[in-house]
Amino acid sequence: MRYLSTRGHADRKRFCEILLEGLAPDGGLYLPEHYPQVDAAGLQRLRAAYGNGRPGGYAALAFEILSLYIDDIPAADLRALCERTYTEAVFGSAAIVPLKRLEDGFYLEALSNGPTLAFKDMAMQLLGNLFEYELGRRGAELNILGATSGDTGSAAEHAMKGKRGVRVFMLSPHGRMSPFQQAQMFSLMDPNIHNIAIEGVFDDCQDIVKAVSNDLAFKREHKIGTVNSINWARLLAQVVYYFAGYFQATQHDSEKVSFTVPSGNFGNVCAGHVARQMGLPIDRLVVATNENDVLDEFFRTGVYRVRGSADTHETSSPSMDISKASNFERFVFDLVGRDAARCKALFHDALSRDGRFDLSADAAFVGAASTYGFLSGKSTHADRLATIRDVSQRFGVVIDTHTADGVKVAREHRSAGVPMVVLETALPIKFAETIVEALGREPERPAAFAGIEALPKRVQVMRADAAQVKAYIAGHCG
Ligand SMILES: *Cc1c(COP(=O)(O)O)cnc(C)c1O
């Protein structure tokens with residue numbers, strides 16, 4: 001399998017070459033040259049591999065799917081990496097992603113029982129093991145630099161802690177994460193994890209990451225890399241749980257299932273698109289957004305309009321607070337018939353000129369709902385509170401704010417006879433303040449997280465100054 005860029009760069013690369021890279025050299029995103037097809041016999045084999053959540057079943061399923069896309073890691077090694085990653089000890093159950101029934105035909109798929117209680121662990125835990133493996137093979141090192149407002153940073157740190165050849169330098173806005181999120185990151189004592197709290201907001205952190213990454217000499221000398229959501233390996237890891245969700249919701253491979261996905265950067269739901277393109281019988285892929293409705297607007301109108309920071313709302317589902325959806329280009333590349341020149345004209349030329357593009361008159365867009373199954377909807381703070389209350393009263397289940405956006409939108413798109421699976425993207429304890437607002441009580445806290453706010457913390461506080469951050473990295477990366 002070779003990988004191409006959505007903007008047409010001539011090189012075709014293999015999996016391990018793009019594993020440690022971010023964007024393609026032309027600014028595009030990497031995608032496989034084609035989606036491997038899973039036919040009826042293949043689907044039956046994958047169902048048997050998962051074995052309805054038997055111990056080791058998820059790792060076996062992950063290996064089967066990953067090996068369709070990865071041909072530069074020996075099969076025995078890839079299988080061992082999957083087995084080391086997807087364990088009951090790390091994810092809390094043999095099924096890894098158990099389906100929770102709310103009512104007939106309506107389910108939550110639990111993706112949030114990993115070390116940091118959000119779905120990002122599903123991919124990041126694999127990435128940690130893949131990075132360690134590949135860097136070891138090359139005898140190389142990597143210094144990961146990132147900015148986080150919460151979920152991504154802690155998932156990355158918990159995946160990379162103690163890994164050979166990798167260091168993490170994670171910037172976060174000083175005093176702006178919840179005490180729980182701060183504890184998740186700052187209590188890590190592993191010497192390869194560096195928390196840097198910046199006196200500023202998230203955008204200041206991101207600006208510093210950009211400034212450092214734009215200094216190509218510094219970047220090369222200090223082997224700076226990233227783990228953001230455009231990484232193809234992260235997306236690929238997420239494809240696996242669409243299969244696992246499908247197998248749990250159905251008895252036979254002739255049945256269809258719809259998924260609703262709380263979305264921000266379009267990484268999670270893009271993995272669903274890939275699964276559907278491979279032949280998994282997905283009926284609808286429903287994109288749920290919060291007040292930051294860039295994606296809902298596109299699927300309703302055909303207009304993709306990037307927001308400025310003044311138009312980006314701070315909401316109670318903060319991990320979906322985005323101004324543009326960084327993985328969206330992958331879907332549009334497929335939508336326009338994999339025409340890289342067209343994709344570049346939209347994402348490079350039109351977005352930098354007008355901040356928007358309009359596909360409403362395009363035959364591909366008009367047919368997108370039926371060809372690709374996409375539907376969408378939006379949820380607000382009031383919807384979130386009402387949904388958390390309703391799901392708690394009706395089913396006795398407390399859901400987090402992002403999952404609530406998913407449930408709210410999923411209910412608008414159910415169709416008779418087709419099971420609807422909502423991806424549960426975080427546990428409520430991460431967003432306790434809003435749960436208290438909705439229910440008047442604190443959400444349940446998994447035992448392993450009792451009292452984490454009181455643990456000793458390891459964090460450097462710095463001014464919003466790229467030079468100071470660079471000096472810190474240079475002093476701690478060798
Ligand atoms: C990251 C995140 C999302 C958004 O996922 P995307 O892949 O960016 O669309 C939704 N919910 C939670 C809890 C997250 O951490």
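Read the numbers this way: they start at 1 and go in the same order the structure lists the ligands and their atoms.
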Checking a contact table here: which protein heavy atom is nearest [atom], and how many Å away?
atom: atom 7 (O) of ligand 1; result: Asn268 N, 2.9 Å
atom: atom 9 (O) of ligand 1; result: Gly264 N, 2.8 Å
atom: atom 12 (C) of ligand 1; result: Thr425 OG1, 3.5 Å
atom: atom 8 (O) of ligand 1; result: Asn265 N, 2.7 Å

Any chance you could measure [X], atom [atom1], to [Y], atom [atom2], to the nearest 0.5 Å?
X: Met320; Y: Leu295; atom1: CE; atom2: CG; result: 9.0 Å
X: Arg101; Y: Leu108; atom1: CZ; atom2: CG; result: 12.0 Å
X: Ile224; Y: Asn143; atom1: CD1; atom2: CG; result: 5.5 Å

Report the part of [X] in contact with ligand 1, treating N, CA, C, O as backbone and CB onward as side chain, heavy atoms under 4.0 Å; options are side chain, backbone, both, neither.
X: Lys120; answer: side chain
X: Phe266; answer: backbone
X: Asp151; answer: side chain

- Task: Apply the side-chain contact (heavy atoms from CB on, under 4.5 Å) test between Thr315 and each candidate in Thr401, Asp321, Thr380; give the one that qualifies.
- Result: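 The passing option is Asp321.
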- Query: Taking the six-membered ring for Trp, are His194 and Phe169 parallel (under 30°), tilted (30 to 60°) or perpendicular (over 60°)?
  - Reply: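 Aromatic pair His194/Phe169 classed parallel.
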- Task: Please state whether the rings of Tyr35 and His273 are parallel, tilted or perpendicular, taking 30° and 60° as the class boundaries.
- Result: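 Rings of Tyr35 and His273: perpendicular, as their planes differ by over 60°.
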- Query: For Asn327 and Ser229, which heavy atoms make the closest approach, and how far apart are they?
  - Reply: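 Smallest interatomic distance, heavy atoms only, reads ND2-O, 3.0 Å.
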For ligand 1, which atoms sit closer than 4.0 Å to a heavy atom of [X]?
X: Ala426; value: 13 (C)
X: Pro262; value: 4 (C), 10 (C)
X: Gly267; value: 6 (P), 7 (O), 9 (O)

- Message: Any heavy atom of Ser229 closer to ligand 1 than 4.0 angstrom?
- Response: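 No.
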- Message: For Tyr3, run the side-chain hydrogen bond (donor to acceptor under 3.5 Å, both in side chains) check against Tyr69, Trp232, Tyr30 and tell me which one passes.
- Response: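 Answer to the side-chain hydrogen bond (donor to acceptor under 3.5 Å, both in side chains) test with Tyr3 among Tyr69, Trp232, Tyr30: Trp232.
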